[in-house]
Amino acid sequence: MIENLIKELNPQQKEAVTYFDSPLLILAGAGSGKTRVITYKIAYMIEKFNYEPERILAVTFTNKAAHEMKERVGQLLKGKADVFVSTFHSFCVKLLKSHSVRIGFKPNFLIIDTDDKKSVLKEILKELNLDTELYNPSLIGSMISNVKNGMVSIENFELKGYDRVIEIFELYNKKLKEMNAFDFDDLLLYGKKLLTEHEDIKNRYVDYFRYVLIDEYQDTNAIQYEITKALTLEKGNVCVVGDEDQCIYTWRGANINNILNFEKDFPHAKVVKLEKNYRCSGVILSAANAVIANNTIRKGKKLFTDNEDGEPIRLFEASTDQEEALFVGKTVKKLINTGFKPSEIAIFYRTNSQSRIVEDALRREGINYQIVGGLKFYERKEIKDIIAYMRVILFEEDKLSLFRILNVPKRGLGQAAEERLKKLLDEGYSNIEALNRIVLESPLRQREGFKEILEIIEAGKEKLETLKPYEFIKFITAISRYEDYLRKEYREDWETRVENITELGNTLEEFAERSGLSGEELYLEFLNTVTLSSDQDEMEDGEKVTLMTIHASKGLEFPVVFITGLEEGLFPHARSLDANEQIEEERRLFYVAITRAKKVLVLSYARSRRFFGSYRPTEKSRFIDEIPSHLIKPVSRKTSGEKTQASSVSSISSRSSIKKKPKIVFHKKFGKGIVKRVEGAGDTAKVTAYFANFGEKTIVMKFLKVLA
DNA sequence: TTTGACCGGGTTTTT
DNA sequence: CCCGGTCAAA
């Protein structure tokens, strides 16, 4: 079965799939059929060698990629293949679930995100009486991260005289331990520890896994590399797949040497290069090759393709970022009119802050879109609050969440109350113990507030097993009076926020069905999964244009790709201009962006761009000039169908003639209103309207009736 | 304790 | 420009 499929592969792919004699490095160029090779290889092992699927470990970069890989292997084998596919992070979570006791943590640990990490650091800085100006919590956070992911050693801080940072580092770890919590780096670090410092645990997994595959190997860090080695060095049963030209995460510890030195580190390693590209048009591939040739830190390879040359790369110079966005909007519209589906089109940018202006332009054209990344669903305040309530109910030691919801909604527990509680917690009492004590001894006003919190936690614990997941969320929202709070505090958009909470309930319900879990076990699993969810995990299938940063586009492909904001200081980014390695990373990023495109590639830049509210002149990116000019066709402003700034304003107002936009609306409570602005489309559009007795209000469309 | 006004500073990229 | 943080007043 699989043998027949393999016959259709090119010789290099075939070798990559069937070679098992020693550690294997597959240098897979962009679009070279990498996913195909990996899935075939797994299917091959299962069919030919009778490996049990669950004893093959495949590590991917995102959870989404993991799910897809599982599915595709399943398809190859007609339905049944429970291959152990996960990210490094979730793999370590599983390790820790079984063995955390060995390193002094309880099995139902908590995973904290970057936000929580910052709160812990702020608390520490306060305790140590350090100035948060000088000791920026985010900066300290990334220093801690760099130590943990093996990028710098702690001795480095000693040398530089950062002894306070060392102190903070140690206190931080102590606090996390007290909360039985891990941060992202800890997951890997302690996972590695289990596999390197505990012989029996290591042997167990070395014996268990018959083969280990690592995808996106160029973006592994030192700790992930140690994990890989611990699992496979003895048996040599490993295949890593990567492309040094696509290494774009060195800033968070990815070590390009992991791929460059593979042959040194793994004895008798075999290297297979996949250089035939099946994805891009000839023109696009030539551009990509030309650009990346400017880099020096690489093994070097040159991709080729049988695909047709295709249309030239389009390049648009806009006078302002506004005009650039309008151009993108209009071009997307034209492309859709000529037959591309919205889902076949992607718009990339270097920084998240660029998304807004493009969004406006798309909305204006009435184009459906989705943003991948940016402010994630789980980072919204109302979601984080409800999750904090869940966490407080589930984790006795989670002080962070307790403080988060202590006075949300307001229940008279301000700074004084906070200090009082903190003191007890520092004395070693658990959340519940501390609250119980405090209820007895606090002044009357605070007593009521603390009592309420205690009741919420106790009632929540009681309902944990009895209520259905969706009902549980509803229960928490009700008992904490959270909806009233939203209504009061967020008059403009409380409905959307309530909807988000409803959506959280739905997601949880879905998760329960998929995992087959229930009760406490379900919630623990859900919360950890949520914390580890990546941008791509939240991508939807559907007829929508996709907007994302280039980092988020890793591993994806689209028939049409826009790369916007190609300006010096933005792309390459200003923070990367001083060192050549950094420029090279930016260039790899550009290379990744180009090679996502199959047929149409559109580049654009603006001559001036708004930063912090004011316009600054810009220069076009050096990267544009690295593409041979015969591959590029400039789009002139006239033929782009673009209008001047003045008339683009009129195009905004002429939009009111679009049928969908109502001029008079009716609301149950506010009565008749005159529409001022509309954001978004359909039921979820936000309408700002003027109501005679209530003034201007912003309301979600679904709560309005449209009058003739 | 809460509220609202004011100021200042911040933008890479993310599991 | 938009947020979060700080400070004074109620």
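Treat the numbers as computed from the prediction; the structure is a model and nothing was measured. We name chains A, B, ... by the order of the sequence lines, and we start the count at 1 in each one.
In this structure, of C/dC2, C/dC1, B/dT15, it is B/dT15 that holds the atom nearest to the side chain of A/R252. You'll find that the side chain of A/N352 is closest to B/dT13, out of B/dT13, B/dT15, B/dT1. Here B/dT1 is the nucleotide among B/dT1, C/dG5, B/dT15 with the atom lying nearest to any side-chain atom of A/A416. Checking B/dT14, B/dT1, B/dT15 against the side-chain heavy atoms of A/A552 singles out B/dT14 as nearest. The side chain of A/F184 sits closest to B/dT15 out of C/dG5, B/dT13, B/dT15.
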**Report entry** Sugar-phosphate or base contact per nucleotide [nucleotides 2-10 of chain B; S, B, -; heavy atom under 4.0 Å]
**Finding:** SS------B

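Applying the 5.5 angstrom centroid cut-off and the 30 degree plane-angle cut-off, the aromatic ring of A/W251 is stacked upon the base of B/dT13.
Contacts of A/Y249 with the nucleic acid, taken as non-hydrogen atoms under 4.0 Å apart, involve only primed sugar atoms and P, OP1 or OP2.
Of the side-chain N and O atoms in A/T549, one or more sit less than 4.0 angstrom from OP1 or OP2 of B/dT14. OP1 and OP2 of B/dT13 both lie 4.0 Å or more from every side-chain N or O belonging to A/K554.
Contact detail for A/I371 and A/S355: the closest heavy-atom pair is CD1-OG, 4.2 Å. Closest of all the heavy-atom pairs between A/I227 and A/C92 is CD1-SG, 3.8 Å.
In this structure, the salt bridge (Lys or Arg N to Asp or Glu O under 4.0 Å) partners of A/D115, at least two apart in sequence or on a different chain, are A/K384.
Taking the nucleotide of DNA chain B with the nearest heavy atom to each of A/S353 and A/S533, the more 5' of the two is matched to A/S353.
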